[in-house]
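Everything below concerns the one structure shown next.
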Amino acid sequence: MLTLDSVKGWYGRTQALFGVDLHVAPGKTVALVGTNGAGKTTTLRAILGAVRTEGSVRVDGEEISAKPTHRRVNDHRIAIVHEGRGLLSQLTVLENLVVGANRAERARIGEVLELFPVLRDRTHQKVSLLSGGQQQMVALGRALLRDPKYLLLDEPGLGLAPVVIDEIYTYIAELCSRGMGVLLVEQSVTRAASVADELVLLRVGAVDRVVDTRDRERVDQLVADAFGVHHS
Amino acid sequence: MSRTATHNTVAPAVRTEGLTVRYGAFQALSDVTVSLPAGQISGLIGPNGAGKTTLLNAISGFTSIAEGSVHVGHADLTALDARRRALAGVVRGFQTVRLLDRESVLTNVLIGTERLPQPSALAQFFGLPSQWRAGRRDTAAAAEVLDLLGLTGQAHRRVDELPFASRRLVEVARVLVSSPSVILLDEPAAGLDQEGRQELAAVLTRVHHNHPSTMVVVEHDVDLVKSLCSYVIALDSGAFLRDGTPAEVFGDRQVQLAYFGRAAGADA
Amino acid sequence: MGDLGQILVGGITTGSLYALFLLGVLIVFQVSKSINFAYGQVGMIAAFSAWFLYSEQGLPVPLALGVGVLLAVIVNSAIDYAAIRRIPEGRPGLDLVVTLGIFLLITAVMQQLIDANAHTFVSLGADSRAELGGVVVSLNDGIVVGLTVTIIVGAYLLLNRTSLGTSLRASAEDAGIAQAAGVNVRALRTATWAAAGVIAAIVAVLVASRLSVDAFYMTPFLIKAFIAGMIGGLDRFWLPLSVAVALGVYESLTVFILGASAGTPAVFLLIIVVLALVPKRFVNERNEVRA
Amino acid sequence: GCGGSSSGGGSSSAANGCDVKEVGPGVTDSEIKVGTTMPLSGSGAAGGLGTKEGQEAYYAKLNAEGGIQGRKIKPIILDDAYDPSTAQKQMRQLVEKEEILVVSGGEGTPNFLGAVPYLDRKKVPAIAPYAPSDELGGDKNPYVFMATVDYIQEFEILTNYVLKQETPKKMALVGVAGNVGENAKLGMEKALKDKGVELLYVPETPGTTDFTPIATQLKQFNAEHVFLILTNADTGGLLQAMSRIGYTPKTGAWAGMSDDSYIKEFGALSQNMLVALETASLKSENAQVKQFVADFTKQTGKAPSKFNQLGWVQAQLTAEALKRAKGLNRGCVIEALESFSNFETGIVPPVTWGKDDRAGVDAVGIGQIKGTELVVLEETQSLQK
Amino acid sequence: MTGATITRPRRSAQPPATGRGAGARRILTRVAVFAVIAAVPPLLFDDYWVFMSAQVLAFAVATLGLDILYGRTGQMSLAHASFMGVGAYTTYIVSSYGHGPAIQLGAVVVVALLAALVVAVPTLRLSGLRLALVTLAFGELLAWVIRETTDLTGGTQGASVDPIVIGTWDSSEPLHAYLIALVPAAIATLLAAHLGRTQLGRRMLAVRDTELAAESVGVAVARTKITAFLISAVYAGIAGWLYAAIVGFIAPPDFDLFASVYLFVAVVIGGAGTVLGAWLGAAYIVLVPELFTLAGQPNLYPIVGGALLAVVALLVPDGIVGLGRGLWRRVRGARGGQEGSR
Ligand SMILES: Nc1ncnc2c1ncn2[C@@H]1O[C@H](COP(=O)(O)OP(=O)(O)OP(=O)(O)O)[C@@H](O)[C@H]1O
Ligand SMILES: Nc1ncnc2c1ncn2[C@@H]1O[C@H](COP(=O)(O)OP(=O)(O)OP(=O)(O)O)[C@@H](O)[C@H]1O
Ligand SMILES: [Mg+2]
Ligand SMILES: [Mg+2]
């Protein structure tokens with residue numbers, strides 16, 4: 001279980017999170033939704049320890065908020081797909097995939113390339129030369145290579161063609177069913193509702209409500225409240 | 001150098017002929033001949049890596065063309081570099097937002113007025129009257145765009161302090177401020193929330209209404225394309241696939257296979 | 001002919017020293033995207049204090065050298081820890097200013113602690129020489145070239161045949177992303193700066209054995225190494241290092257052929273010509289991103 | 001000496017006049033402030049620090065003996081980092097803020113030259129700075145009273161000495177690029193004029209990282225004598241490179257190489273090197289030299305170096321001028337300086353200044369490095385003789 | 001009209017909302033503040049400090065120029081002091097033929113422009129450290145030229161420059177030097193401040209931050225770089241002219257690599273990209289050594305000056321101006337209530 005307990009977060013002196021509580025159980029997908037600037041990305045960064053935080057972050061019962069980022073990632077098998085990809089543009093596709101991975105994880109490279117065949121011919125090309133969508137695949141590939149127990153996804157569909165998004169979500173659902181806990185940030189509530197078990201609505205850096213996606217009515221209500229529009 | 005303002009003139013049609021772009025052995029665009037109708041908003045769609053951004057690059061002069069030509073109206077722009085194409089009225093936004101991070105929103109927008117006739121460097125440096133006139137004109141244009149995009153309140157904030165959505169809008173504002181005759185936008189709605197997208201679509205429609213231009217929007221959001229564009233071009237694997245009205249293109253079997261990975265019949 | 005050979009030997013040896021020194025600059029640049037202006041002085045600390053320890057304090061030479069190297073490691077790591085790491089992002093040029101301050105500090109302190117004079121250093125084989133076809137080669141030349149080749153090849157293998165290189169470059173580009181990918185950026189940095197300290201010490205000791213040691217003598221080497229690095233590109237490996245060796249040879253040749261006062265203008269004209277004429281892809285720093 | 005009404009003077013001389021009753025700046029009932037700038041940091045610091053120590057030792061001794069007319073001398077020595085504009089700034093500081101009476105010595109040529117226009121403007125006499133330049137010592141800068149020869153004279157004398165012993169076919173000079181090397185070359189050319197000796201001049205830039213090309217060039221030319229006017233480090237580096245390629249001609253060098261700091265470090269490389277001696281050898285049997293060594297050692301607890309010696313003699317000449325001055329003001333000090341005639345310090349050759357003569361000395365001694373010792377071959381060699 | 005926008009030149013344009021009256025008032029305030037500060041040295045200081053203040057003026061002109069090149073256009077130059085040297089030596093040569101200040105200034109501007117073109121044109125494609133390297137090469141070449149032309153330039157030993165004489169004013173008098181330098185310094189400041197409000201100034205910022213976006217709106221990247229280079233070289237040349245007149249003696253070390261690095265230090269320490277920062281930086285490099293003299297430790301600066309520099313740079317990474325801004329924001333934040341919550 002990945003648990004956040006009244007987590008506050010700051011950028012410099014600007015507070016962005018005002019107490020976030022969150023639970024992601026293995027085998028479950030939780031979607032964080034909210035308007036631009038609600039603090040979704042910051043929440044993920046807080047889990048990794050990449051912003052200054054207060055409050056408790058626990059993984060499988062162990063408090064990790066004092067650990068440096070790389071220890072959280074390695075010891076607790078957390079992987080992230082950053083917003084806007086977070087690739088290392090100077091590195092090749094292959095290097096981007098394996099960076100930070102240990103030997104065993106590297107061995108899984110074939111599996112990942114199978115998932116994204118377009119990347120196979122381009123392993124030695126610099127990622128900055130890939131198309132936007134291809135870059136997103138690399139970002140996802142890097143996270144999957146680590147065979148994470150908890151996967152943090154920050155708008156993985158950003159800039160992807162529908163066909164790829166569908167594939168990715170299918171794959172995520174499969175990973176989830178194999179016991180991975182997924183924390184997903186998604187702009188489209190419809191999409192989020194279709195893959196996640198739970199929707200968490202963030203507002204101004206705090207959890208506004210948690211909605212079970214099976215409850216269609218409350219999902220619709222959430223959409224209306226949060227975004228002021230009715231999605232089609 | 002002639003710096004004739006191309007704004008306020010009638011928006012020209014944009015045509016590419018036999019456009020081929022190569023990166024080493026890889027062919028990112030092969031023999032693409034498309035024409036974007038004058039004064040309309042066209043959508044450019046296609047799976048990832050189809051060559052949409054490359055096509056925008058080729059039209060705006062940001063990549064070298066191996067074969068083929070680019071025409072705007074009656075002018076052949078193929079030989080011009082990116083800057084001259086911008087001055088000729090072809091202005092683009094970037095898929096990854098590129099801003100002057102340490103500067104204010106206003107400065108970021110004002111840089112877009114470069115296309116308008118600017119006094120010589122000396123006149124600007126010594127603050128001659130022509131500089132003040134140009135300055136007032138530019139500020140007014142920026143104020144109008146900021147207002148249109150709802151950024152007026154943020155005009156003096158540094159852009160790196162802004163949330164991503166606002167940064168996207170600043171990028172769009174920079175393109176719009178000089179009312180170019182050809183506007184190329186690369187996924188302007190990516191990363192915006194539902195509300196933001198709808199607002200953006202409304203703004204673009206309004207801008208287009210006020211200053212008719214030939215606008216091209218690359219987008220993956222099908223709803224947005226449908227609501228915004230009157231014409232759509234689909235690319236796949238660097239080749240032209242289909243064009244027509246949104247209904248025609250999205251209804252096309254090949255497009256559906258390439259783009260949605262399934263034909264329409266399968267998903268009712 | 002013998003003369004030309006002699007010049008080449010001198011040029012290659014000096015060029016090797018530039019290259020080895022540049023290696024230290026390169027790895028530091030690659031992991032922390034910063035230039036350490038005080039790097040030459042780090043080496044100077046090693047050689048100058050070693051001299052002080054064996055000549056004035058009577059320590060055995062190997063021990064003195066060891067202490068010198070250790071000092072260089074400590075100082076270089078301290079520069080990273082106390083200064084470079086504390087430079088916030090997006091402040092281009094600040095690293096130069098901060099390390100310039102450190103450069104001045106180290107110079108002044110060493111001059112206070114020891115003195116402002118020039119001193120001969122242990123010769124490290126400079127006095128055992130052999131003549132090969134009219135060219136006199138000393139054991140010192142051999143040591144310099146041998147060590148340089150060994151260390152550079154070793155570094156290459158370490159960086160390219162292990163995951164270390166990838167992690168290094170990842171940390172350099174974006175420490176946040178690298179950390180999130182599980183790279184221990186801090187440890188990597190510390191190790192790199194320490195290794196760079198060792199390299200600086202080795203170069204400084206070798207240079208001292210060929211010239212002499214005082215509080216300033218490494219600065220010309222620093223400048224030449226930077227020049228080679230910038231012509232070749234600090235984000236590459238073989239190109240800048242080859243340029244460094246070539247620079248040594250070129251410099252010696254121009255001095256010999258055109259006269260000593262032509263050395264400086266020749267080197268700098270070369271820079272201008274090379275950078276103005278070579279194809280664009282060699283000139284651009286390799287961080288171009290597509291539109 | 002002249003009478004109190006010597007204000008007329010030639011166009012070249014400093015025409016302040018000596019008003020016996022006037023009390024100059026920096027003079028109180030108990031104290032006379034003097035000062036100068038020297039490189040105390042940076043690559044030129046070795047000479048500056050040594051000279052400073054020498055001056056301070058002399059003044060300490062003088063003050064212990066009661067000073068001058070019951071006044072203690074207070075020397076203020078500021079750091080100019082061997083930089084002309086810093087030197088000028090510091091000199092302003094000394095003249096305008098500290099209000100020194102006269103400039104007592106100095107060390108380093110370009111830095112001192114930086115301050116000279118200012119001193120001329122302010123009419124402040126500068127006594128015996130060690131700044132060998134053909135700019136100084138003549139009528140161009142009438143407020144600067146030199147006590148050492150310039151490099152032209154130094155190398156002319158050094159070359160003359162060699163020509164007296166033997167008749168070489170080829171000689172070479174390696175000099176710091178710029179005025180210093182050029183001047184040394186000029187001196188050699190003067191001495192070699194019409195002598196049928198071929199001269200190779202190789203300018204060197206400080207910061208040379210590889211001396212092999214210069215050494216090879218010298219070897220190719222194959223001169224019997226190679227003269228050097230380089231920094232300590234570069235002299236050592238060049239000699240090392242020459243020996244590395246097996247070329248060992250006879251050598252000669254400027255006076256800087258007679259300093260202990262050089263001989264101790266590079267003596268082994270420099271066996272039999274001829275050096276110009278601006279100051280008397282410390283091993284000399286001369287009574288004044290012995291007295292100096294004893295006095296200095298008493299003050300500082302250690303043996304003097306060449307730069308200590310220079311500092312000492314700068315202070316000594318300054319003190320002598322103050323003693324001779326009829327009134328403690330700049331005009332009278334200048335008048336007193338102009339009265340020096342073959343004044344024996346025992347450290348530099350006899351000093352003579354006159355109304356139109358600021359050169360002070362025109363002689364250097366000749367020494368040779370043997371073992372770790374400097375052996376004096378000739379006490380002084382003057383151009384006149 | 002143009003204002004000494006010395007406190008917040010980043011505000012590169014009138015906010016659309018602000019009326020013109022407010023802008024004019026702000027400009028007037030700044031001119032007044034500038035005038036008051038400028039009046040302090042001649043009224044309150046003795047000769048020595050007036051002399052130091054005059055040097056601050058000369059260096060401020062240089063740092064303003066470097067700030068245009070580095071702070072705004074992002075081009076790193078290690079030859080800025082060399083351009084000062086170009087100005088100073090041109091002054092020396094021209095004045096040795098007996099020409100007065102007007103001709104000197106004209107010659108300085110022309111020669112600085114030519115020298116800048118020589119450096120700028122072959123280096124158009126370069127940026128960052130590599131540009132710094134080429135400019136460094138230019139500096140070394142200049143030093144070499146000076147060394148090799150002793151008859152013309154005085155060589156390594158330097159040369160003493162005749163003071164500027166205008167009427168009864170003589171720049172060897174500190175007070176006169178100060179007043180003579182004040183005029184060009186004020187004009188240079190006004191123009192630099194005004195530059196931030198022009199499209200030319202914005203082009204520079206765009207070139208610094210994102211060349212691609214700049215090109216996409218029609219900015220001539222190469223021409224903008226050259227323009228910045230030329231402006232900065234002329235500033236440096238004029239600074240050299242003032243420096244030669246104020247100090248009266250010039251020598252190669254005044255314009256060597258370290259001198260250039262120090263100008264760079266000034267821009268960074270003051271706060272890159274701001275006019276006020278350039279001034280503060282100039283004051284830093286000229287006056288900080290003096291503080292040690294004031295404290296009675298004139299010879300301590302070489303020892304701790306470096307450490308001080310490193311510490312200052314680390315403590316105020318955005319320069320002194322950045323520090324001031326931060327404090328100001330904090331003050332305002334405390335007044336205006338909670339910051340950051342949207
Ligand atoms: N680096 C930063 N410095 C300062 N403030 C920041 C920074 N990054 C984000 N913020 C602020 O923190 C708040 C939360 O931002 P966050 O990126 O977490 O939002 P988000 O929900 O991910 O939005 P989006 O949908 O646009 O990605 C916003 O107000 C934003 O402006
Ligand atoms: N500079 C380059 N060097 C090498 N390959 C490139 C370069 N630019 C683009 N490509 C390749 O050309 C193809 C088309 O890229 P492009 O960016 O045009 O795709 P796109 O249609 O915009 O995709 P997306 O929707 O993912 O942004 C991709 O396979 C990409 O990797
Ligand atoms: Mg986000
Ligand atoms: Mg794209």
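In what follows, every chain begins at residue 1, and chains take the letters A, B, ... in the order their sequences are listed. Everything quoted here is computed from the prediction, not taken from an experiment.
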Q.
Please classify the contact between S216(E) and chain B as side chain, backbone, both or neither, with a heavy-atom cut-off of under 4.5 Å.
A. both
Q. So which part of L184(B) gets closer than 4.5 Å to some heavy atom of chain E, the side chain, the backbone, both or neither?
A. neither
**Q.** Rounded distance [0.5 Å steps], CH2 in W132(B) versus OG1 in T198(E)
**A.** 9.5 Å
(Q) Please determine whether a side-chain nitrogen of the Lys or Arg among E103(B) and R72(E) lies less than 4.0 Å from a carboxylate oxygen of the Asp or Glu. (A) no
Q | Which atom of G112(B) lies closest to which atom of V217(E), heavy atoms considered | A | CA-CG1, 3.9 Å
Q: Heavy atoms only: give me the nearest D209(E)-L99(B) pair and the separation to one decimal.
A: CB-O, 4.2 Å
Q. What part of I231(E) is in contact with chain B, defined as an atom under 4.5 angstrom from a non-hydrogen atom: side chain, backbone, both or neither?
A. side chain
(Q) If we ignore hydrogens and angles and just use 3.5 Å, is the side chain of E215(E) paired with the main-chain N or O of R83(B) as donor and acceptor? (A) no
Q: Look up atom CZ in F126(B) and atom CG in L190(E), then write down how far apart they are to the nearest 0.5 Å.
A: 12.0 Å
(Q) Counting only non-hydrogen atoms closer than 4.5 Å, does D147(B) touch chain E with its backbone (N, CA, C, O), its side chain (CB onward), both, or neither? (A) neither
Q: Nearest 0.5 Å please: distance from the CD atom of Q199(E) over to the CD1 atom of I111(B).
A: 5.0 Å
(Q) Is any side-chain heavy atom of H194(E) closer than 4.5 Å to one of Q131(B)? (A) yes
Q. Can you name the nearest heavy-atom pair linking A86(B) to G218(E), along with the distance?
A. CB-N, 3.5 Å
**Q.** Non-neighbouring partners of R197(B) that pass salt bridge (Lys or Arg N to Asp or Glu O under 4.0 Å), sequence neighbours left out
**A.** D221(B)
Q: Counting only heavy atoms closer than 4.5 Å, note whether L195(E) contacts chain B via side chain, backbone, both or neither.
A: side chain
(Q) Return the CZ to CG distance between F125(B) and L191(E), rounded to the nearest 0.5 Å. (A) 4.5 Å
(Q) Using 0.5 Å steps for rounding, measure from the CD atom of Q124(B) to the OG1 atom of T227(E). (A) 9.5 Å
Q. Roughly how far apart are R202(E) CZ and D138(B) CG, rounded to 0.5 Å?
A. 6.0 Å
